[in-house]
Amino acid sequence: MDPKHKDLFDRLERFYDAVPRDAARIEEYGSLVLFVRDGAGWPFYARPRRDTTGPPSLADVSAVRERQRELGLPEAFEWVHETTPDLLAVARSAGLSVLEAPLMVLDPAALPDPAALGGVPVRLLDPAAPGFAADVAARRAVAAVGFAAAGTERSEAGPAERDAAVTELDVAALDEERARIADGRRLSALAGTPADGALASGMAMRVGDVAEIAGVATLPVARRRGLGAAVTAALARELLAAGTDLVFLSAGSEEIARVYLRVGFRRIGTACIAEPAPVLP
Ligand SMILES: CC(C)(COP(=O)(O)OP(=O)(O)OC[C@H]1O[C@@H](n2cnc3c(N)ncnc32)[C@H](O)[C@@H]1OP(=O)(O)O)[C@@H](O)C(=O)NCCC(=O)NCCS
């Protein structure tokens with residue numbers, strides 16, 4: 001590891017460990033910790049424990065997978081390659097398929113003005129605004145349609161598909177989102193026009209002075225107009241203004257990383273995301 005990045009990777013490790021603790025209980029298996037979410041929501045993953053020196057073993061991975069299956073959770077693992085380099089070979093030997101995602105950190109000096117990207121206004125969701133519940137539902141629907149069309153290509157799906165994907169949020173989920181945005185742990189952004197409604201969305205999770213931007217998605221019909229870059233830039237700008245001095249993200253692929261490069265993010269390493277390899281028919 002590049003020594004000048006050691007402090008940075010330590011801060012990322014503390015962040016990755018802190019985010020799920022807010023909403024999950026923990027179970028430890030050797031050098032791995034499994035986060036089990038309390039209540040509804042996207043399930044968490046297992047990752048290396050911060051307080052052990054040895055790398056996770058094949059037996060640790062097997063123990064976690066058995067527990068994940070028992071709990072009906074995805075057999076998902078996440079870690080930073082530069083911090084836990086030995087886990088890549090271990091995960092592969094366990095039969096997991098590992099996505100090596102570019103891990104990128106914002107250079108604040110390279111952050112463009114979001115208004116100069118795409119020309120579609122981006123707004124941050126305000127939990128006190130009357131339309132908050134509808135905005136949260138729209139953000140989730142845009143993300144569902146966006147992530148269902150992987151990659152960066154344009155295609156047909158647009159506002160009609162977004163509207164069909166809107167689901168009613170339960171009160172607890174909405175209250176949780178409202179509380180997190182109100183105390184600065186979460187940011188949520190939408191880009192769109194009055195005529196078409198929300199076309200792109202994204203969010204950020206923040207712990208102290210570190211934040212991760214995630215879930216950036218643009219409806220396929222609205223891609224390649226700068227909306228993904230504008231949403232990312234607006235979130236990054238707001239995070240910097242709130243005193244966050246380390247803003248990072250992991251890009252789903254090298255081509256997606258180009259979108260973030262234009263917004264001032266620079267690659268510093270690799271985020272590994274592992275799950276069972278698909279079973280071929
Ligand atoms: C990744 C994603 C969010 C990008 O959204 P987007 O709104 O198309 O992003 P941008 O328009 O800012 O950039 C996309 C491309 O359009 C180009 N572009 C931007 N404005 C443009 C314009 N006015 N004219 C032509 N091309 C333009 C960019 O240069 C970029 O090109 P590149 O792929 O050659 O680098 C979108 O493709 C998506 O939702 N993918 C599925 C979900 C996903 O994987 N999200 C990312 C998780 S890490």
Side-chain angles (χ1 to χ4, degrees), residues 12 15-16 19 42 45 76 78-81 97-106 110-124 138-166 186-193 196-205 211-237 239 247-275:
L12 293 184
F15 174 91
Y16 279 123
V19 167
W42 194 257
Y45 40 77
E78 295 194 11
W79 69 96
V80 173
H81 179 64
S97 133
V98 184
L99 169 69
E100 294 173 79
L103 177 62
M104 306 174 84
V105 164
L106 178 68
L111 176 65
D113 180 351
L117 300 160
V120 171
V122 184
R123 63 192 172 84
L124 277 297
R139 183 184 60 73
R140 291 184 180 210
V142 169
V145 175
F147 278 94
T152 63
E153 289 309 305
R154 291 188 66 145
S155 57
E156 295 296 310
E161 286 74 11
R162 173 202 62 211
D163 292 346
V166 171
R186 167 135 355 145
L187 277 71
S188 208
L190 282 178
T193 62
D196 293 322
L199 298 171
S201 67
M203 56 176 289
M205 274 99 50
E212 178 181 20
I213 293 178
V216 176
T218 302
L219 294 179
V221 79
R223 287 183 185 168
R224 314 198 85 80
R225 285 164 49 187
L227 272 66
V231 164
T232 309
L235 286 165
R237 178 180 263 223
L239 288 164
V247 181
F248 77 99
L249 52 78
S250 48
S253 66
E254 299 290 341
E255 55 168 0
I256 292 171
R258 286 205 303 265
V259 174
Y260 301 127
L261 196 61
R262 289 175 47 239
V263 184
F265 284 82
R266 303 292 176 250
R267 184 166 188 173
I268 54 130
T270 301
C272 294
I273 302 162
E275 55 183 24

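Small disclaimer: the values here were computed from a predicted structure and weren't measured. Start at 1 and go down the list; that is how both ligands and their atoms are numbered. Values below: all heavy atoms of this structure, side chains included; hydrogens, waters and symmetry mates excluded. Position 1 is the first residue of the sequence, and the numbers go up from there.
- Here the side chains of L261 and R266 are in contact, with some heavy-atom distance below 4.5 Å.
- Between R225 and ligand 1, an N or O atom pair is found at a separation short of 3.5 Å.
- In this structure, A149 is part of the shell of residues with a heavy atom less than 4.0 angstrom from ligand 1.
- For atom 14 (C) of ligand 1, the nearest non-hydrogen atom of the protein is V259 CG2, 3.8 Å.
- Between atom CZ of residue R237 and atom CG of residue L187 there is a gap of 14.0 Å, rounded to the nearest 0.5 Å.
- Using a 4.5 Å heavy-atom cutoff, the side chains of R267 and E254 are in contact.
- Contact annotation: G202 has no heavy atom less than 4.0 Å from any atom of ligand 1.
- Shortest contact from atom 19 (C) of ligand 1 to any protein heavy atom: G226 N, 3.4 Å.
- No donor-acceptor contact under 3.5 angstrom links the side chains of T218 and R223, judged on distance only.
- Scanning both residues, E161 and V145, for their nearest heavy atoms gives O-CG2, 3.6 Å.
- In this structure, atom 43 (C) of ligand 1 lies nearest to the protein heavy atom F147 CE2, 3.5 Å.
- Between Y260 atom OH and T232 atom OG1 the span is 5.0 Å, to the nearest 0.5 Å.
- In this structure, CG on L106 lies 8.5 Å from CG on L249, to the nearest 0.5 angstrom.
- Both the backbone and the side chain of T218 come within contact range of ligand 1, each with a heavy atom under 4.0 Å.
- Across P102, A229, G119, A200, heavy-atom proximity to atom 12 (O) of ligand 1 is greatest for A229.
- For ligand 1, the atoms closer than 4.0 angstrom to any heavy atom of S250 are 48 (S).
- Between S201 and V142, the closest heavy-atom pair is OG-CG1, 3.5 Å.
- Regarding atom 45 (N) of ligand 1, its nearest protein heavy-atom neighbour is V216 O, 2.8 Å.
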Go through the steps for Y45 and Y16 under the test ring pair (Phe, Tyr, Trp, His ring centres under 6.0 Å), then give the verdict. CA-CA 11 Å; Y45 40 77; Y16 279 123; 7.7 Å; no
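- For atom 44 (O) of ligand 1, the closest non-hydrogen atom of the protein is I256 CD1, 3.3 Å.
- Closest heavy-atom approach to atom 40 (N) of ligand 1 within the set G151, G215, G146: this belongs to G151.
- Remark: minimum distance from atom 35 (O) of ligand 1 to any protein heavy atom is reached at R258 NE, 3.0 Å.
- When atom types are taken as modelled, the side chain of R139 and the backbone of S188 share no donor-acceptor pair closer than 3.5 angstrom.
- Atoms of ligand 1 lying under 4.0 Å from any heavy atom of G252, numbered from 1 in the order shown and given with element: 48 (S).
- Heavy atoms of R262 found under 4.0 angstrom from ligand 1 belong exclusively to the side chain.
- Note: I256 CD1 to M104 CE = 11.0 Å, rounded to the nearest 0.5 Å.
- In terms of protein heavy-atom proximity, atom 36 (C) of ligand 1 is nearest to R223 NE, 3.5 Å.
- A donor-acceptor distance shorter than 3.5 angstrom exists from the side chain of R224 to the backbone of T152, with no hydrogens or angles considered.
- Remark: ligand 1 atoms within the under-4.0 Å shell around heavy atoms of A217 are 3 (C), 39 (O).
- Under a 4.0 angstrom heavy-atom cut-off, A214 registers as lying outside contact with ligand 1.
- The closest protein non-hydrogen atom to atom 22 (C) of ligand 1 is R224 O, 3.4 Å.
- Contacts between A101 and ligand 1, counted as non-hydrogen atom pairs separated by less than 4.0 Å, are absent for every part of the residue.
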